[in-house]
**Student:** 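Following this message is one structure expressed as structure tokens.
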Number of protein chains: 12
Amino acid sequence: MKTVPRVDVLHGVNLRLLGAREPQHYGARSLAAIDKELIRLGRELGLAVRCRQTDVEARFVAWLGAANREARAVICNPGAWTHTSVAIRDAVAALAIPAIEVHVTNIYARESFRRHSFLAPAVHGIIVGFGTVGYALALRGVANLIQGAR
Amino acid sequence: MKTVPRVDVLHGVNLRLLGAREPQHYGARSLAAIDKELIRLGRELGLAVRCRQTDVEARFVAWLGAANREARAVICNPGAWTHTSVAIRDAVAALAIPAIEVHVTNIYARESFRRHSFLAPAVHGIIVGFGTVGYALALRGVANLIQGAR
Amino acid sequence: MKTVPRVDVLHGVNLRLLGAREPQHYGARSLAAIDKELIRLGRELGLAVRCRQTDVEARFVAWLGAANREARAVICNPGAWTHTSVAIRDAVAALAIPAIEVHVTNIYARESFRRHSFLAPAVHGIIVGFGTVGYALALRGVANLIQGAR
Amino acid sequence: MKTVPRVDVLHGVNLRLLGAREPQHYGARSLAAIDKELIRLGRELGLAVRCRQTDVEARFVAWLGAANREARAVICNPGAWTHTSVAIRDAVAALAIPAIEVHVTNIYARESFRRHSFLAPAVHGIIVGFGTVGYALALRGVANLIQGAR
Amino acid sequence: MKTVPRVDVLHGVNLRLLGAREPQHYGARSLAAIDKELIRLGRELGLAVRCRQTDVEARFVAWLGAANREARAVICNPGAWTHTSVAIRDAVAALAIPAIEVHVTNIYARESFRRHSFLAPAVHGIIVGFGTVGYALALRGVANLIQGAR
Amino acid sequence: MKTVPRVDVLHGVNLRLLGAREPQHYGARSLAAIDKELIRLGRELGLAVRCRQTDVEARFVAWLGAANREARAVICNPGAWTHTSVAIRDAVAALAIPAIEVHVTNIYARESFRRHSFLAPAVHGIIVGFGTVGYALALRGVANLIQGAR
Amino acid sequence: MKTVPRVDVLHGVNLRLLGAREPQHYGARSLAAIDKELIRLGRELGLAVRCRQTDVEARFVAWLGAANREARAVICNPGAWTHTSVAIRDAVAALAIPAIEVHVTNIYARESFRRHSFLAPAVHGIIVGFGTVGYALALRGVANLIQGAR
Amino acid sequence: MKTVPRVDVLHGVNLRLLGAREPQHYGARSLAAIDKELIRLGRELGLAVRCRQTDVEARFVAWLGAANREARAVICNPGAWTHTSVAIRDAVAALAIPAIEVHVTNIYARESFRRHSFLAPAVHGIIVGFGTVGYALALRGVANLIQGAR
Amino acid sequence: MKTVPRVDVLHGVNLRLLGAREPQHYGARSLAAIDKELIRLGRELGLAVRCRQTDVEARFVAWLGAANREARAVICNPGAWTHTSVAIRDAVAALAIPAIEVHVTNIYARESFRRHSFLAPAVHGIIVGFGTVGYALALRGVANLIQGAR
Amino acid sequence: MKTVPRVDVLHGVNLRLLGAREPQHYGARSLAAIDKELIRLGRELGLAVRCRQTDVEARFVAWLGAANREARAVICNPGAWTHTSVAIRDAVAALAIPAIEVHVTNIYARESFRRHSFLAPAVHGIIVGFGTVGYALALRGVANLIQGAR
Amino acid sequence: MKTVPRVDVLHGVNLRLLGAREPQHYGARSLAAIDKELIRLGRELGLAVRCRQTDVEARFVAWLGAANREARAVICNPGAWTHTSVAIRDAVAALAIPAIEVHVTNIYARESFRRHSFLAPAVHGIIVGFGTVGYALALRGVANLIQGAR
Amino acid sequence: MKTVPRVDVLHGVNLRLLGAREPQHYGARSLAAIDKELIRLGRELGLAVRCRQTDVEARFVAWLGAANREARAVICNPGAWTHTSVAIRDAVAALAIPAIEVHVTNIYARESFRRHSFLAPAVHGIIVGFGTVGYALALRGVANLIQGAR
């Protein structure tokens with residue numbers, strides 16, 4: 001691990017639609033804009049942020065493995081997989097680095113099946129409902145964990 | 001409302017034990033230390049932070065009402081009431097200002113009755129499991145909401 | 001017990017917000033206006049009506065005990081405690097006088113957790129969803145019970 | 001609609017047994033006596049009350065439709081259908097006039113299947129457990145709704 | 001969008017086995033035969049039908065997105081994903097065009113877990129149990145929607 | 001059975017309100033208009049269509065029996081009975097001819113108790129949510145079944 | 001009540017199909033044959049047996065009331081209503097004479113919703129699964145009850 | 001198998017207490033009296049009745065096996081094992097002869113755990129709630145089965 | 001019954017392993033040591049204590065019957081049968097003498113199926129989690145019951 | 001901690017009614033009498049017993065904290081809070097001294113919601129159903145724990 | 001323990017019927033044949049295999065204890081007790097040697113109550129559905145465990 | 001199909017981590033080592049073993065289809081998909097060759113959601129909890145099936 005610690009940000013299924021799909025729910029900022037902002041904030045916090053999105057569950061699982069080898073922490077929003085994927089839960093539980101779960105919307109104010117997250121018991125922290133700002137909060141939380149500062 | 005916007009931080013039942021009770025779960029920092037740090041961070045973010053703790057549910061409900069009249073946002077950790085109090089949920093739902101729910105521990109990795117929060121559907125955002133750092137993240141999220149900045 | 005029988009009206013947690021909170025749900029009349037009207041109607045019906053509100057569960061329990069000693073019937077709206085408090089249920093079950101349960105809103109048209117009332121099996125009658133008029137109906141029902149007239 | 005507004009009172013299945021069946025549960029007054037009293041009270045309140053009972057679900061549904069065309073409000077006690085009939089619920093939900101649900105006994109102090117009412121979410125108000133007096137209270141509530149008085 | 005409106009037909013996981021797998025359940029016609037027939041019927045109805053099958057969930061999600069951009073309606077049979085995929089539900093819910101859900105077998109006459117469809121609340125219409133004829137009915141329904149004719 | 005095969009269309013409880021009740025849910029076409037159109041479409045498809053509506057469950061059961069003796073298929077929409085009537089299920093299960101279940105609205109996008117149909121396991125096919133067009137699709141499906149054509 | 005005590009046998013919905021519907025389940029004897037045999041057996045046991053069948057729930061309820069006035073016991077098989085009708089349960093619970101519940105098939109070896117009988121807690125005895133012989137056993141049980149013999 | 005067919009009657013755990021335990025529930029006749037009467041009735045019906053009681057589940061299971069080899073039918077009341085023993089269910093399901101399940105009390109009017117019988121799906125017929133007369137009815141039902149008479 | 005009242009102590013299945021099995025759960029004292037101590041304490045309290053252990057459910061049931069005839073109270077720990085045996089519940093419910101239920105471990109801090117005791121509603125008192133001391137407390141409670149002293 | 005170890009006895013909500021409320025359930029001894037007797041028994045056992053009752057949950061929580069600092073064990077009966085308060089559970093779980101849970105009545109023979117205790121998994125021992133004698137047994141159990149004697 | 005390690009094979013309730021009962025489910029080989037083959041295979045693997053069957057639960061429990069003292073591993077098929085016996089679970093959990101659970105049939109393709117095994121969480125390994133071959137596989141697995149070879 | 005029958009071994013999602021992830025749960029042997037050993041054992045048993053692992057569900061489904069065409073049996077461990085994938089269940093149910101389900105860990109001793117396997121009802125046999133040895137046992141079971149030997 002070199003001087004600037006890496007943090008991986010993984011967006012799951014359908015999140016490429018951010019900014020386009022139901023903006024009243026998910027806000028108007030695109031995924032590209034969010035990622036750009038996170039990279040900028042990472043630089044400010046002394047972190048190298050790498051952002052990736054996929055609709056392929058196997059790739060998400062693989063990226064979790066890659067994060068485990070190459071990064072110091074992982075921030076992930078598995079989207080709909082949150083509620084259905086034991087595979088992602090197991091991949092998160094196998095991590096040696098801390099994982100943060102982010103949800104853009106307040107999943108507790110929506111359909112009842114969205115109240116259950118398979119990976120929640122396996123992560124370090126969870127941020128729900130702050131819109132796309134939640135990613136930035138997660139990054140700060142991760143910076144705090146890595147650097148022993150707040 | 002004067003120049004510096006106020007943010008109320010409300011700690012609920014048993015949280016006066018922070019730092020003393022089960023430090024492996026809740027961390028070693030005392031509530032006083034957390035509050036002091038939040039006030040300092042608030043000053044840095046241009047916010048007047050007021051912190052209060054009570055084991056009396058009626059007082060918690062009253063403070064939510066006071067926050068509604070006197071503050072721009074409220075960060076609350078109702079502790080065990082999270083899982084049992086419809087009264088607090090209703091008081092949160094009656095707020096005109098945004099509320100943030102914070103839990104020090106990862107409540108999803110504990111007993112099953114801790115997976116349900118009565119107030120979650122009524123808050124703006126939720127932060128779970130970052131230890132006492134969660135309050136600082138919440139404060140930053142609130143600053144972002146109030147100031148339209150990140 | 002003197003010539004004019006007393007009836008206690010007990011309002012529980014958050015009901016001080018009546019008229020202010022979500023008027024589309026709860027109507028626009030304040031608690032003070034309701035109480036004033038009930039006292040007036042009580043006089044018309046030959047009843048001394050005493051109205052009290054509290055957000056403190058222990059006080060509500062104590063007032064139920066006081067009603068038992070000093071009144072001929074009790075009309076109560078425990079608000080959110082309806083759905084969570086076995087303590088109030090037990091206090092109602094210990095009454096020697098009839099109790100009426102009133103809900104301003106139609107609790108069956110709201111969240112599912114509001115469909116269950118702990119005290120319902122222990123009361124004489126229940127009035128749901130008439131808005132603040134429900135109290136007046138309850139008072140008439142009580143007058144009927146006490147006076148053997150309708 | 002002419003000068004005296006009409007209110008329909010609909011009694012459902014088995015309610016013709018009132019006064020005869022289990023008087024300790026349902027009281028000793030017959031349905032005829034109740035109806036007579038309601039008509040008298042209606043006259044006092046300036047309302048034309050029409051009372052009907054049937055054990056035929058289709059007729060109950062038809063009468064709800066008739067009430068919608070000819071009356072200003074409907075008071076109904078569907079008896080056992082309360083717990084089983086989506087047909088009646090739909091007929092109530094299709095009304096343009098307010099409906100009141102009345103139960104003679106405290107259904108919450110009886111078998112668990114009586115705790116669920118299919119039509120409750122579709123009515124304006126519910127009165128439970130006042131014995132046959134509940135109809136009179138419902139009529140007063142309806143008068144209040146129609147006349148904008150209490 | 002040019003003169004002949006496009007309709008996408010999406011077959012999900014295992015449906016390539018149609019005609020081969022359990023013909024007593026699924027009928028003896030192959031997917032190719034069904035698709036050919038649908039294209040023919042589409043031409044008759046003035047619709048350009050495009051049929052695709054995949055066992056890859058991410059591709060199914062992508063094709064839903066493509067349909068949203070390029071077609072006027074989508075007919076989909078997600079197969080086993082119907083019962084497990086929130087990802088597909090979210091992708092369907094994000095469509096601006098109507099979606100039809102088709103099941104070849106009567107899923108209500110099979111194992112209990114097949115009675116629940118995650119996407120059902122998000123589609124326009126559902127056709128169950130007509131065998132492979134269901135697709136043709138769906139196409140006629142879609143023609144009706146698009147052309148305002150039946 | 002003579003040259004033109006008969007198909008019975010049975011509408012259940014409250015469906016006489018079609019076009020009048022909640023048109024945003026059920027559409028604006030009246031039952032008479034739907035029936036007329038079905039008879040016309042039947043003639044086109046070489047089928048004698050007979051349409052009947054009743055709010056009387058016993059009559060619906062009887063008509064199912066009559067269909068069994070006199071028709072080649074039955075299309076039925078039992079309305080609210082779908083969710084509550086084992087009697088109708090048993091009558092459908094006793095048929096020697098195919099039955100089709102039609103629902104005008106998407107019952108999966110409404111209250112949870114509408115997600116369960118007692119008769120679904122006993123019918124040949126189900127069409128949900130196409131508005132009143134669903135009947136026409138059902139008739140085409142039936143034509144296909146009877147005539148061995150599509 | 002005259003010298004020969006009357007016993008009413010009430011057959012509910014769809015039971016007119018006995019002998020015709022699914023004979024492998026329900027046996028090959030027609031309802032008329034069963035009734036004839038019961039009347040003969042009744043004569044042997046000194047009982048006047050009256051048998052009636054209806055698909056109209058209100059009539060079944062009315063016949064229960066008539067039995068209460070005119071008979072010494074009632075044997076009833078409500079068919080599908082067993083599992084859905086609180087109205088019949090209430091009518092049975094209101095009887096002053098003993099009621100026997102008979103089911104021709106073994107309802108515990110069929111669909112799970114047939115395992116629950118609403119009226120079972122209100123009857124004197126239940127006979128399940130003996131085919132049409134169950135009625136004869138019920139009649140003997142009733143004779144025993146009435147005559148204090150076995 | 002000789003001229004007179006044998007029928008085994010097996011009483012399970014605690015049934016030796018019949019007549020002594022809670023006579024208001026179970027009646028006042030002793031097991032010996034019941035058995036004697038059954039043997040007498042068997043003789044009348046041309047059946048050799050053998051009655052046995054045990055509190056040892058393994059013996060009950062063994063006797064079921066013995067009945068299978070030596071008898072033409074078995075009448076059993078497993079008592080409390082009804083609700084808990086899959087072992088007895090399996091032993092009953094392995095029988096080549098018909099089994100009848102008898103319960104002295106109306107198990108559906110008692111605690112909820114008594115509503116479920118593990119063996120019910122495996123028996124030919126069930127008789128519930130006739131008191132000790134139920135055994136005699138079962139014997140007659142068995143005679144009917146064996147002799148093809150009623 | 002002679003001068004010194006007898007108290008029976010019944011240990012159920014696997015309790016012969018006390019002191020040997022999982023001492024961290026069940027403590028290190030053997031059943032013999034416990035019994036000896038109980039006899040000594042009984043003598044001190046003026047009670048003749050008889051202790052027995054069995055892994056045979058039928059014997060446990062028989063000993064409950066024997067206690068009913070020969071003792072003034074029974075203290076029992078049915079071990080695993082607590083959670084599965086309706087037979088023992090019925091045998092306890094048939095007692096005319098008070099029964100005490102003892103559990104060595106805190107069954108509420110173990111697997112969820114141990115939270116349910118079939119016999120709990122039928123006993124006089126329950127002592128859970130005091131280790132082997134629980135038996136001594138039960139004996140004192142029994143002495144109090146028998147002797148009308150504390 | 002001085003020579004005589006202290007034991008705190010905490011009575012929760014509504015327990016001030018002991019002796020007055022439903023004596024058939026709770027016995028006729030008043031709380032004062034019970035406390036006096038416990039202090040006397042404590043003296044006999046070499047323990048300083050301090051008894052307190054409150055209807056205020058926050059005070060109960062505070063007293064648990066005080067017990068932790070000043071006593072060697074705590075005996076508590078939280079009354080109705082047993083079934084609803086996670087706050088008290090957490091306060092008990094935070095104790096460094098053993099806690100005993102006492103219930104005067106057999107909560108397993110009452111309403112189903114009384115079968116669940118939130119604090120049970122967190123206490124050392126539980127005594128249920130011995131009436132007010134249960135406190136004395138708890139005190140002896142506590143003496144045993146503190147003194148390493150029985 | 002001597003040179004050849006012993007392995008105990010315990011067959012539970014009803015398994016003496018193997019080969020005779022429902023051969024389409026359980027296969028046609030008798031228990032004696034299976035045991036003989038296991039002893040032969042044991043010899044091949046260097047293990048002394050002892051096979052026993054019982055319908056007496058207490059004996060099964062005792063044999064588990066004997067195995068613990070005298071054998072190096074135990075292979076058990078508790079038959080129906082799998083789904084009902086906490087006693088056997090506790091006896092297995094008390095073993096210091098590994099236990100293997102075998103089921104001849106695929107219990108997951110049968111009634112739903114067979115999907116739950118009380119002892120599964122306490123065993124080392126489980127083999128389901130291989131018919132009687134499952135025992136041989138279990139023995140090989142045990143050989144592997146004991147000898148550190150495969 | 002040539003002389004040596006092929007057996008396919010399919011490892012699902014995350015199983016490439018075997019030996020690396022949580023070795024206390026999954027053991028220390030790598031997937032490569034396991035596969036090598038299985039190929040060696042296959043050769044010994046006269047079977048051509050082909051091992052494959054994938055994190056892509058569609059590939060797993062495809063390999064099941066390939067096995068159906070090219071192999072005589074399939075051994076599969078779907079990992080986390082076991083609990084969530086109806087797609088894999090359907091693909092297994094469509095096989096004409098026997099399938100064996102293997103789990104390395106004892107899934108019944110872990111989180112409750114791991115107790116349910118969607119494919120279990122569709123496989124021939126299941127082996128759970130033997131660590132990586134389970135695959136070898138499965139291979140022997142398969143050899144037995146194919147060769148009609150043990």
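Every heavy atom of this structure was used, including side-chain atoms; hydrogens, water molecules and symmetry mates were not. A note on names: the letters A, B, ... follow the listed sequences, proteins ahead of strands, and every chain is numbered from 1.
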**Student:** Check side chain to side chain donor-acceptor pair (under 3.5 Å) between B:Asp55 and all other residues, then give those that pass, not counting sequence neighbours.
**Tutor:**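 Result, side chain to side chain donor-acceptor pair (under 3.5 Å) vs B:Asp55: B:Arg16, B:Gln53.
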**Student:** Name the region of A:Ile107, side chain, backbone, both or neither, that has any atom closer than 4.5 Å to a heavy atom of chain B.
**Tutor:**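 Contact with chain B: none, neither part.
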**Student:** Would you say that more than 12 heavy atoms from the other residues, nucleotides or ligands in this model lie under 6.0 Å from the CZ of A:Arg59, or not?
**Tutor:**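 Counting other residues, nucleotides and ligands, CZ of A:Arg59 stays at 12 neighbours or fewer.
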**Student:** So for B:Arg110, is it side chain, backbone, both, or neither that comes closer than 4.5 Å to the heavy atoms of chain A?
**Tutor:**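 Neither part; nothing is under 4.5 Å.
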**Student:** Once rounded to the nearest 0.5 Å, what's the spacing between atom CD1 of B:Ile127 and atom CD1 of A:Ile127?
**Tutor:**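 The distance works out to 5.0 Å.
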**Student:** For chain A, which residues of residues 116-126 of chain B have at least one non-hydrogen atom nearer than 4.5 Å to it?
**Tutor:**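 Listed by number, the contacting residues are B:His116, B:Ser117, B:Ala120, B:Pro121, B:Val123, B:His124, B:Gly125, B:Ile126.
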**Student:** Quick one, B:Phe130 with A:Asn144, criterion side chain to side chain contact (heavy atoms under 4.5 Å, CB included). Give me CA distance, side-chain angles, the key distance, then yes/no.
**Tutor:** CA-CA 10 Å; B:Phe130 283 89; A:Asn144 192 292; over 6 Å; no
